[in-house]
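Chain A is the first sequence line, chain B the second, and so forth, proteins listed ahead of strands; every chain is numbered from 1.
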4 protein chains.
Amino acid sequence: MPSQTRKQREREAHRREILAAAERVFVRKGYYAATVEEIAAEAEFAVGTLYNFFDGKKALYHAAVSEIIGQLYADARRRALGLDDPEQAVGALIELELEYAERHRGFLRVTLEMAPGGELDPAEGLPDEAQRVIDQYRQDVIEVFRRGVERGVFDALDPFYLALCLEGIVKAFITYWSRHEPDEPLAVRCEKLKQTFIGRIKLRQTGPAAEAEPRVDRGQGGQS
Amino acid sequence: MPSQTRKQREREAHRREILAAAERVFVRKGYYAATVEEIAAEAEFAVGTLYNFFDGKKALYHAAVSEIIGQLYADARRRALGLDDPEQAVGALIELELEYAERHRGFLRVTLEMAPGGELDPAEGLPDEAQRVIDQYRQDVIEVFRRGVERGVFDALDPFYLALCLEGIVKAFITYWSRHEPDEPLAVRCEKLKQTFIGRIKLRQTGPAAEAEPRVDRGQGGQS
Amino acid sequence: MPSQTRKQREREAHRREILAAAERVFVRKGYYAATVEEIAAEAEFAVGTLYNFFDGKKALYHAAVSEIIGQLYADARRRALGLDDPEQAVGALIELELEYAERHRGFLRVTLEMAPGGELDPAEGLPDEAQRVIDQYRQDVIEVFRRGVERGVFDALDPFYLALCLEGIVKAFITYWSRHEPDEPLAVRCEKLKQTFIGRIKLRQTGPAAEAEPRVDRGQGGQS
Amino acid sequence: MPSQTRKQREREAHRREILAAAERVFVRKGYYAATVEEIAAEAEFAVGTLYNFFDGKKALYHAAVSEIIGQLYADARRRALGLDDPEQAVGALIELELEYAERHRGFLRVTLEMAPGGELDPAEGLPDEAQRVIDQYRQDVIEVFRRGVERGVFDALDPFYLALCLEGIVKAFITYWSRHEPDEPLAVRCEKLKQTFIGRIKLRQTGPAAEAEPRVDRGQGGQS
DNA sequence: AATGAATGAGTATTCATTCAT
DNA sequence: TATGAATGAATACTCATTCAT
């Protein structure tokens, strides 16, 4: 039944066009400022058509956010999380996230912004699926750190702590740079961030006393 | 004359009540989802009364945000930034911010959320005054780190970098804990965060070879 | 394709219905006292629909005023201004304006009333287009008088002065009659006004034959 | 009882101050755009105080309009209507009205503007008292013309017609000049208007002395 | 009388959603 | 399916009026 299949393919293509348009508009304007009409115009469809594919503005938003986050995660798996060397993996993650933020100016907004009708928590408005992807993403990052600690590449710190720190640091820099135009090219900023972060947590082969503090007072050990 | 003063005091009290109500509602709902009517109800005043004190919803929002941030900064100066010992100062900052986040559940939302009309940048919509306070706050934190590096308490890292990292890390943890109920009491979490962060950046008195790389690959030397 | 055309025609028809309703309401209530809701009800559309056709209350007002004035001017050109004989042209103008005022009871209100935001000048709030039409109308009237003076039909008075006098006189009578129910039929009032005004400005053939004053016994004075 | 009297005098003084402030504001802004608060500020009283003297905004408006019209009428009686010579009286009226319009820029607004809630007629919203004064004023003007015709100073035209024409012409010129800055000083405009209007209606002493037509080259007749 | 803070009904405008074609 | 005109609930803001002090 080729005709049927063509129809299905066409329908799917339209769905993707609408979703892509929604992404662009939400990223441009944020949830509240975006209008269904603008999304429709961006997608070159009539408003009514959007409702044939999605259940409404909120559903469209959820689908768009899921899409973006899904892409990021997929990229991360492909380019970073899959690497065997933890140090390289962390470096690739930083690289990827900075590039992503650079490419999708305003992408942050989608992750940080208050979602519709959200209560108390910035992330609450995210669709469950997106939330799950984010959690999975974080788990994978934690796993990278865990492996790094296990292999003696990183200091014996809590992998979860490390993952959260990485997340926070990268976001802080992205936010800062999105406000104050950075004076260095992306590659340089990226390199610096990688070196410094990794430099902080790499196990120092400081002679024989390769102390085992999972964390803290590492200085004390050196004294002895 | 006392009568005059009483009226003024009452007016000021009403202003504060309204502002407090606005804070609560904005924190609960976010800027867009909050309605002036709800704020008025929360404040137990008529809508019109709000407009006798503030110029509109946006002004109310700005005043509320400025209020919160102003309080935080004032507290920070009193309890942390003024301390002479950089290590103690950083510890006090972490403590203060965590406490603050604990007290104002959802406070983050106000800082992170897209402000009215904001494009692309979460902080763009903040009132100028609040933005100035935030910038000043960050400057003060940078100064603390600068002093720490100068005095040989911290590793020779860029103070600005350190300030931004601290900011990001604290926010990441706050965000995480605001979503996943933490299993440890605040004091413990606070202590851990302080120790680990500070531990990462404290200058290690590693015997004579206390090399001064401002950052990175401190391990390399040992490898060769 | 007829379907496309039908939709367009329907849309245009709806636009006209809304405009007509707005005319009626504005004429009835004046700009400030009219409400968008009332106009919508008069047009038998929902409020929102009005905003699909016009940019707001002011735009609706402007469109309505322009419509009325445009019609008047178009009629004037067709029935009066085009006439070659200045005397006939002036007569036709008077006739037309009186008829117009009779048909659009309250039309004057639209021309005289303070327009939105107007300061100090009744005409200031008129939309530019309407103002241009009014100015053009006046210019055309001036031209009629100029021709009349040139041809020796009218006394050698300033055409601009004559045009303004005509305007004022007609308005004064319309206003008066709109308040005090006139006791004569329109045609009679019209005829009187024409005769008297034209009689005042017609060149007197100063010869002995103390000419056919279109009206009244001016002879009496001479008799005494 | 001097104290009582002082109180009364003070109260009356306050009333007049408020009224004067209302006049200024209504003239400046028109009825709808004026706010009670602005009037109160202009009068240097609290809003509440205004309500001790007047029943509300509409009452204030009515009182203010009545006041203005009353002044105009009083002035007219003193300076124009009382003159025995009809020609001088008409001249003085024109002079007075032009001066009045010049002094109270925006005065016209008060006479022409739609009154609050008025229906169909610009003048309907005027308070009865003001309407009565206007009617009386017009009657007095009619009487001047009647006398002029009776005495053979003016052509034998309907005095009512003449009064209405005068009214309309003066208003038309005032309106025009309020929009297009006049290029002649008030005195000149005033003189021209007087000469032309009166010249149009003065009885011509049809004898040989075809004298001093106030203006323009009617002299043509002399050519013959 | 004077004050001015409090009131709340009233209005223009927006925009997600529906549905007849 | 695609369309886009019609809908009307929702919302920020205004301002005349009241009333306790």
Side-chain angles (χ1 to χ4, degrees), chain A residues 7 10-11 14 32-41 44-60 116, chain B residues 3-4 6-8 10-11 14-15 18 32-40 43-60, chain C residues 3-4 6-8 10-11 14-15 18 32-40 43-60 116, chain D residues 7 10-11 14-15 32-41 44-60 116:
Chain A
K7 252 188 182 167
E10 266 189 353
R11 185 175 164 82
H14 288 180
Y32 289 101
T35 69
V36 174
E37 194 160 303
E38 186 179 358
I39 294 171
E44 298 182 289
F45 280 105
V47 264
T49 307
L50 270 61
Y51 283 82
N52 286 333
F53 289 90
F54 298 93
D55 279 343
K57 188 186 183 183
K58 197 184 289 194
L60 209 39
Chain B
S3 164
Q4 170 69 348
R6 181 172 56 79
K7 245 189 183 168
Q8 286 182 337
E10 264 188 354
R11 190 177 161 81
H14 289 178
R15 208 193 103 99
I18 290 168
Y32 289 102
T35 71
V36 173
E37 205 166 350
E38 185 181 358
I39 295 172
E44 297 181 290
F45 281 106
V47 237
T49 306
L50 270 61
Y51 285 86
N52 288 334
F53 288 91
F54 298 94
D55 280 342
K57 188 185 181 186
K58 197 185 288 194
L60 208 40
Chain C
S3 161
Q4 171 68 348
R6 182 172 56 80
K7 245 189 183 168
Q8 285 180 337
E10 264 188 355
R11 189 176 161 82
H14 289 176
R15 209 193 101 98
I18 289 168
Y32 289 102
T35 70
V36 173
E37 205 167 349
E38 185 179 358
I39 295 172
E44 296 182 290
F45 281 106
V47 242
T49 307
L50 271 62
Y51 285 85
N52 288 335
F53 289 91
F54 299 93
D55 279 342
K57 188 184 181 186
K58 195 185 289 194
L60 207 40
Chain D
K7 251 187 181 167
E10 267 189 351
R11 183 174 166 82
H14 288 178
R15 210 193 100 97
Y32 289 101
T35 69
V36 174
E37 194 160 299
E38 185 179 359
I39 295 172
E44 296 181 291
F45 280 106
V47 264
T49 306
L50 269 61
Y51 283 82
N52 286 332
F53 288 90
F54 298 93
D55 279 344
K57 188 184 182 184
K58 197 185 288 194
L60 208 40

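We find that CZ of D:R15 is positioned 13 Å from P of E:dA2, with the value rounded to whole Å. The distance between atom CG of C:L60 and atom P of E:dT11, rounded to the nearest whole Å, is 16 Å. Spacing between atom CD1 of D:I39 and atom P of E:dG4 amounts to 17 Å, rounded to whole angstrom units. Atoms CD (C:E10) and P (F:dG4) sit 14 Å apart, rounded to a whole Å. Between C:K7 atom NZ and F:dA2 atom P there is a gap of 14 Å when expressed in whole angstrom units. Atom CZ in C:R6 sits roughly 17 Å away from atom P in F:dT3 (whole-Å rounding). Between the P atom of E:dG8 and the CD atom of B:E38 lies a distance of 18 Å, rounded to the nearest Å.
In this structure B:R11 satisfies the side-chain contact (heavy atoms from CB on, under 4.5 Å) test together with B:F53, sequence neighbours excluded. Partners of C:V47 under the side-chain contact (heavy atoms from CB on, under 4.5 Å) rule, at least two apart in sequence or in another chain, are C:V36, C:A40. Scored by the salt bridge (Lys or Arg N to Asp or Glu O under 4.0 Å) test, B:E38 finds B:R28, B:K29 as partners (sequence neighbours excluded). Qualifying salt bridge (Lys or Arg N to Asp or Glu O under 4.0 Å) partners for A:E10, counting only residues two or more places apart in sequence or in other chains: A:R6. In this view, A:F45 and A:H14 satisfy the ring-ring contact (aromatic ring centres under 6.0 Å, His included) rule, not counting sequence neighbours.
Nucleic acid contact for B:F54: none, since no nucleic acid atom lies under 4.0 Å from a heavy atom of the residue.
For D:N52, the CG atom is densely surrounded, since the number of other residues' heavy atoms within 6.0 Å is greater than 12.
The two residues B:G56 and B:Y51 have their closest heavy-atom pair at CA-CE2, 3.7 Å.
The strand DNA chain E forms stems, runs of 3 or more Watson-Crick or G-U wobble pairs with distances below 3.5 Å, at E:2-21 with F:2-21.
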Restricting both atoms to N or O, compile the protein contacts to nucleotides 12-16 of chain F shorter than 3.5 Å, with distance only.
from: F:dA12; atom 1: OP1; to: B:K57; atom 2: NZ; distance (Å): 3.3
from: F:dA12; atom 1: OP2; to: B:V36; atom 2: N; distance (Å): 3.2
from: F:dC13; atom 1: OP2; to: B:Y51; atom 2: OH; distance (Å): 2.8
from: F:dC13; atom 1: OP2; to: B:K57; atom 2: N; distance (Å): 2.8
from: F:dA16; atom 1: OP1; to: D:K57; atom 2: NZ; distance (Å): 3.1
from: F:dA16; atom 1: OP2; to: D:V36; atom 2: N; distance (Å): 2.9

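Nearest-nucleotide positions on DNA chain F place A:A46 closer to the 5' end than the other of A:A46 and C:L50.
Separating the CD atom in C:E44 from the OG1 atom in C:T49 is a distance of 12.0 Å, to the nearest 0.5 Å. Taken from CD1 in D:I39 to CG in D:L60, the straight-line distance is 5.0 Å, to the nearest 0.5 Å.
A:H14 has no side-chain polar atom (N or O) that falls below the 4.0 Å cut-off from OP1 or OP2 of F:dT1.
Of the candidate nucleotides F:dA2, F:dA6, E:dA2, F:dA6 has the atom lying nearest to any side-chain atom of C:F45.
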